[in-house]
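Below is one structure, written out as C-alpha cells; comments come after it.
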Amino acid sequence: MTDQLSHKADAWSGRFSEPITERVKRYTASVQFDQRLALQDIAGSLAHASMLHSCGILTSGDLADIQRGMALIQEEIASGQFKWSIDLEDVHLNIEARLTALVGDAGKRLHTGRSRNDQVATDLRLWLRERIDETQHWLVQLQSALIDLAEQHVDTVMPGFTHLQVAQPVTFGHHLMAYVEQLRRDAERMHDCRKRVNRLPLGAAALAGTPYPIDRQLVAQLLGFEEVCENSLDAVSDRDFAIEFCANAALIMTHVSRFSEELVLWSSPAFGFIELADRFCTGSSIMPQKKNPDVPELARGKTGRVTGSLVSLLTLMKGQPLAYNKDNQEDKEPLFDAADTVIDTLAIFSELVPGIFVHAARMREAATRGYSTATDLADYLVRLGLPFREAHEAVALAVRAAIDSGRDLTALQLDEIRQFAPKVADLISADVFVVLALEGSIHSRQHLGGTAPTQVQAAIAKARLRLAEAG
Ligand code: ARG
C-alpha cells in the first residue's frame, strides 16, 4: 500500500506540499467505478507500447516486460485478486502502478507520449464499442421475437386505437410489426453512432499532441479503430459520442416503454387481450388474485433513468471550455448505467415476447364492440358517389342509432342504413355487410404498410430478410 501510495504521489508529488484529505480523495477518485474499463485500458496500453517500440521509442526488452506484466495483471483482474486502491485515484494509475511493481522501469516508460486524458477517452470508446455491438445483438433478437409472434397473428383481429379509443380494426401481427419498424430505426441509429465512437483519441496526449515521433494510424489499426480523431483538443475533450449513444439508448427505451405500457394495459383484466408468462410477473402480498406485470412496468420506469443519463451528459458537457476538464470523469456512471439498462431491457424482452399468450377472441370482441368499421361504411358510401363529408355525417347518424338500440353496425338492417344516406340509397346493397365486417375492413387495406394479412406477411418476410442481412 505504501509503495502504491508513493507511486501516485510520485506522479505529481514534486509540485505539492500537503496531501489531500480523505474526503477529497474519495471525491476525486474514480476507481470505484472506472475499474470497469480495466481490460480496455490494458488493450490500449499494449497497443500504445507496441507503437512506441515500432517507432523506436521503446526497446524490445521494455515492450516484452510490459506485455508480460500486463498479462499477469489481466489474470489478477480476472481471478479477482487485483488490489484496487483508492489512493491511486483511477483505473489508469492503478494498473500502471501494478505494472511498475511487477516489471520495474519498463512500467514507468509506458506513459511516454500519452496522458490519462487521451487514455481515458480511448478506453471509453473501446468499452462503448463493445456495448453497441451487444445492443445490436439484442435489438436483432427482440425484433426476431416480435416477428415470430406477428407471424402467428397475421389474421388475429384487434381494435386499432387512436386516443386509446377504438378506431379501426387491425391485426395483432400488424400492430407488433410497428415495433419492429421502431427497433429497426434504433439499430440504424446505433450503427451510425458506432462509426463516430470508433475513432482513436490516443496520440492527443494531454491536449496538444506529443513531441515523440508516434504513429497514430498504427495504434488505430491495432485497436480496430476505423479512424483517428483529427484534432488533439477535440479528441481529449468531447464526449459527444457518449451523448449520442445515450440518445439512441433513450429512444430504444422509449420504444420499449410504449410497448410496455401496452402490455400492462392488455394484460389487465379490463382488456384481457394477453397474458404474460408467470416468470415476468409477481403477485401481491395482500391481494391474492393479483398478477402484476412487473417487468414491463420496470422497463417503463427505467426509461426515465436512461433519459436521465442523456440529460446528465448533455449538462456535463455544455459549460466546458476546451480541452479536458475533470468534469468528464463524471461521464462514466451515467454512460455505464444507460448501457447496462438498455442491454438488460432488450435481453429480457427478447425472452418475454415469445412467452406472450394471446386471447384472440377477446381482441376480436373488443374490435366488434367499438364500431371500428364505421370508416369503412363511409368509404363505401363515397364509392357510391357521396362526398366524403356527407358520408361521414350519414355514418355518424348510423352509429348513433346503433348505440341507441344497443347494436353493432353489422346488426343494422339494410333499410335502416339506406335511410341515413338517402342520396345513394338505391345503390346500397347487401355487399355493404362485407364492408362492415372486421375481415372486410382489414383485407381492404391492401397496400404497402397496410394491415391486410397479405401485406403483413410481406412485411414479415422483408423484416426477416433485413435481419439476416444485418446479422
Ligand atoms: N479519471 C480521469 C477521468 O475519468 C482520467 C483522466 C484524468 N486526467 C486528468 N488530467 N486529471 O477523466
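This chain uses plain numbering: 1 for the first residue, then up along the sequence. In listed order, ligands and their atoms are each counted from 1.
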Summary of ring pair (Phe, Tyr, Trp, His ring centres under 6.0 Å) pairs that have at least one residue in residues 293-324, sequence neighbours excluded: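 Every pair satisfying ring pair (Phe, Tyr, Trp, His ring centres under 6.0 Å) with a residue in residues 293-324: there are none.
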D34 (side chain) donor-acceptor with V91 (main chain) under 3.5 angstrom: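 It does hold such a pair.
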Geometric N/O contact R239 with ligand 1, under 3.5 angstrom: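 In fact, backbone or side chain, R239 has no N or O that close.
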Min N/O separation N328 to ligand 1 under 3.5 Å: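 For ligand 1, there is no N or O atom that lies under 3.5 Å from one belonging to N328.
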Partners meeting ring-ring contact (aromatic ring centres under 6.0 Å, His included) with H53 (sequence neighbours left out):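 Scan of H53 (ring-ring contact (aromatic ring centres under 6.0 Å, His included), adjacent residues dropped) gives none.
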Whether F172 and W266 hold their rings parallel, tilted or perpendicular, with breakpoints at 30° and 60°: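 The rings of F172 and W266 stand perpendicular, inter-plane angle above 60°.
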Mutual orientation of the aromatic rings belonging to Y179 and H175 [parallel < 30°, tilted 30-60°, perpendicular > 60°]: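 The rings of Y179 and H175 sit tilted, inter-plane angle from 30° to 60°.
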Atoms of ligand 1 less than 4.0 Å from [X] heavy atoms?
X: D90; result: 1 (N), 2 (C), 5 (C)
X: K332; result: 3 (C), 4 (O), 12 (O)
X: S30; result: 1 (N)

Which residue and heavy atom of the protein sit nearest atom 9 (C) of ligand 1, plus the separation: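 The answer is N117 OD1, 3.4 Å.
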Identity and distance of the protein heavy atom lying nearest atom 3 (C) of ligand 1: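 For atom 3 (C) of ligand 1, the nearest protein heavy atom is Y324 OH, 3.2 Å.
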Cationic N near anionic O, under 4.0 Å, D192 to R189: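 So D192 does not pair with R189 through a salt bridge.
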From the candidates E330, R116, K326, Q329, the one that places a heavy atom nearest atom 2 (C) of ligand 1: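 Looking at heavy atoms only, the winner is Q329.
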